[in-house]
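Remember, predicted model here, so these are calculated numbers, not experimental data.
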Amino acid sequence: MKYKFVLLLLSLLLFTPFTLPFYPVFAEEPPSASDEAKELVQKGLTIFEIDKEVSRLNEQDAKIVVQIGQNEQNIVKQTNQVDSTRKHAGKVMRAYYTGDRDSIWMLLFSVKSFSDALRMFEYLQMIITNDHRALSAFTDSFNQLKSLKTELESSRTELQATKEKFLLQRERLVTLQAELDKQLAVSAQAQVIQNQIKNLNEQWKQEGVPLFREYLTSLAIAFRELPQYVTKENKFMDLSSIKNPVISISDTDFNSYIHEKDNLLQNLNFTFSDGHIIAKGKKDQIEASLEGKFVLKENPDMNEVRFVVNKLEFNGFQLPDTTIEDFTKEFQLGFVPKKMVSYLDVVSVETKNGVAVVKLKLSL
């Protein structure tokens with residue numbers, strides 16, 4: 001009887017449904033496979049661009065070495081030239097210090113006719129001309145030698161800076177490549193990602209670089225001629241203070257200006273915010289983005305407003321600082337008001353709430 005009771009109890013427990021309280025577990029959501037893939041493709045583009053910079057620095061290094069060798073040869077030749085002209089100049093100076101030239105001038109008083117005096121004067125004039133030529137030749141050859149030595153020193157300094165930069169970028173390249181290889185080694189989509197990296201790099205090379213160059217070429221012209229545009233339109237100028245006029249232009253007006261300036265820029269739009277500027281454009285299947293800010297570049301004769309780029313993106317992928325530096329060397333985006341209006345110089349520039357404000361001063 002006891003065993004029958006136990007079996008009955010077990011049967012009830014096994015076949016009676018029951019539920020346990022549910023407590024949700026919150027865990028940090030792991031990054032998706034697409035995010036990881038994009039990170040690796042991004043790294044591949046960065047490696048591609050830094051590798052270009054390393055190659056450029058290596059070529060620059062080789063050119064500077066050749067230049068240094070040529071300078072050293074020129075210095076040897078010029079040193080010989082200085083020694084030669086120094087000897088001739090030394091003879092001339094000794095002649096003047098020892099009074100030899102004075103005795104020649106005394107010959108004028110021994111002539112017996114006016115025609116003899118003219119011939120003697122021409123002779124003396126030839127001597128003086130040759131003396132001056134000898135002294136000038138020494139001065140010129142000596143100055144040229146100094147210039148060559150200065151150029152050589154400058155080349156050596158440039159070579160050292162290039163070598164340091166080359167080593168830094170090469171180390172950076174090696175580190176990034178090792179990281180990418182390690183990540184690809186454990187990725188199930190390694191081959192797919194490698195193909196994406198290859199395709200992106202090729203697209204950037206064949207389509208991205210030309211588009212950015214076209215944008216930057218057109219923008220350089222548009223920025224340079226901006227003062228002429230804003231000074232012709234009264235709505236941009238605030239002349240309440242004659243000595244300190246102010247130019248204000250909204251990003252909407254700026255976009256209208258560059259769109260009218262060049263057809264290529266019609267699909268590029270700027271947004272001005274507090275101390276920050278974003279420009280975005282699209283052509284066919286290529287999306288381009290530039291981010292930066294206006295800065296005041298002070299010069300002794302006239303100041304300049306420069307647009308400094310600190311971020312570039314191509315189809316959603318960020319380009320490294322080496323690419324930005326390379327474009328910055330080639331293209332200067334900025335304007336100098338004083339070149340257009342000689343009596344106006346810029347003293348400050350800022351962007352805020354969709355407006356760029358340029359403060360000027362009257363300088364007559």
Show the numbers, then the answer: is there a ring pair (Phe, Tyr, Trp, His ring centres under 6.0 Å) between Tyr257 and Phe270?
-> CA-CA 11 Å; Tyr257 162 68; Phe270 281 73; over 10 Å; no
Evaluate the side chain to side chain donor-acceptor pair (under 3.5 Å) criterion for residues Ser250 and Asp253: first the C-alpha distance (whole Å), next the side-chain angles of each, then the deciding distance (0.1 Å), finally the verdict.
-> CA-CA 5 Å; Ser250 67; Asp253 288 325; 3.2 Å; yes
Full working for side chain to side chain donor-acceptor pair (under 3.5 Å) between Arg56 and Gln60 | CA-CA 6 Å; Arg56 188 191 68 80; Gln60 183 179 349; 3.1 Å; yes
Take Leu362 and Asn244 through the side-chain contact (heavy atoms from CB on, under 4.5 Å) test and state the conclusion after the steps.
-> CA-CA 6 Å; Leu362 190 66; Asn244 299 103; over 6 Å; no
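A continuous path of hydrophobic side-chain contacts links Leu296 to Ile249 [ILVMFWY only; heavy atoms under 4.5 Å]. Hydrophobic clustering places Ile258 together with Leu216 (ILVMFWY residues linked when any side-chain heavy atoms are closer than 4.5 Å, directly or through intermediates).
Residue-environment remark: CG (Asp301) exceeds the threshold of 12 foreign heavy atoms within 6.0 Å. Other residues, nucleotides and ligands place no more than 12 heavy atoms under 6.0 Å from the CD atom of Glu171.
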Quiz: residues 344-354 side-chain donor-acceptor pairs under 3.5 angstrom, not counting sequence neighbours:
{"from": "Asp345", "atom 1": "OD1", "to": "Asn303", "atom 2": "N", "distance (Å)": "3.1"}
{"from": "Thr351", "atom 1": "OG1", "to": "Ser273", "atom 2": "O", "distance (Å)": "2.9"}
{"from": "Thr351", "atom 1": "OG1", "to": "Gly275", "atom 2": "N", "distance (Å)": "3.3"}
{"from": "Thr351", "atom 1": "OG1", "to": "His276", "atom 2": "N", "distance (Å)": "3.4"}

For residues 324-331, tabulate all N or O donor-acceptor pairs below 3.5 Å that involve a side-chain atom, not counting sequence neighbours.
{"from": "Glu325", "atom 1": "OE1", "to": "Lys165", "atom 2": "NZ", "distance (Å)": "3.4"}
{"from": "Glu325", "atom 1": "OE2", "to": "Lys165", "atom 2": "NZ", "distance (Å)": "2.5"}
{"from": "Thr328", "atom 1": "OG1", "to": "Ile324", "atom 2": "O", "distance (Å)": "2.7"}
{"from": "Glu330", "atom 1": "OE1", "to": "Arg213", "atom 2": "NH1", "distance (Å)": "2.3"}
{"from": "Glu330", "atom 1": "OE2", "to": "Arg213", "atom 2": "NH1", "distance (Å)": "2.7"}

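Remark: Glu179 engages Lys43 in a salt bridge, criterion side-chain N to carboxylate O under 4.0 Å. Between Glu313 and Lys311 a salt bridge is recorded (basic side-chain N to carboxylate O distance below 4.0 Å). Note on Lys52 versus Glu49: salt bridge recorded, some NZ/NE/NH1/NH2 to OD/OE distance being below 4.0 Å.
Remark: Lys361 NZ to Ser241 OG distance equals 13.5 Å, nearest 0.5 Å.
Listed for the Asn315 side chain is a donor-acceptor partner under 3.5 Å among the backbone atoms of Glu287. No side-chain donor-acceptor contact under 3.5 Å links Glu291 to the backbone of Ala279. When atom types are taken as modelled, the side chain of Asp284 and the backbone of Ile286 share no donor-acceptor pair closer than 3.5 angstrom. Between the side chain of His259 and the main chain of Asn267, no donor-acceptor pair closer than 3.5 Å is present.
Tested against Ser155 for a side-chain hydrogen bond (donor to acceptor under 3.5 Å, both in side chains), the candidates Gln67, Gln70, Glu72 yield a single pass: Gln67.
Scanning both residues, Leu333 and Arg306, for their nearest heavy atoms gives O-CD, 3.3 Å. Residue Trp204 comes nearest to Thr323 through the heavy atom pair CZ2-CG2, 4.0 Å, listed as atom of the first residue, atom of the second, then distance. Contact between Val41 and Ile197 at its shortest, heavy atoms only, is CA-CG1, 3.6 Å. The two atoms that bring Leu159 and Ile68 nearest to each other are CD2-CD1, 3.7 Å, heavy atoms only. The minimum heavy-atom distance linking Tyr215 with Leu264 is given by the pair CE2-O, 3.6 Å. Nearest heavy atoms, Val230 versus Met237: O-CG, 3.8 Å.
Applying the under-4.5 Å side-chain rule to Ile, Leu, Val, Met, Phe, Trp and Tyr, the cluster around Met302 extends to Val336.
Lys293 forms no cation-pi arrangement with Phe307, by the criterion of a distance under 6.0 Å to the ring centre and an angle within 45° of the ring axis.
Between Arg172 and Ile50, the closest side-chain pair of non-hydrogen atoms falls below 4.5 Å.
Using a 3.5 Å distance cut-off with no hydrogens or angles, the side chains of Asn199 and Gln203 do not pair a donor with an acceptor.
Ring geometry for Phe335 versus Phe294: interplanar angle over 60°, hence perpendicular rather than tilted (30 to 60°).
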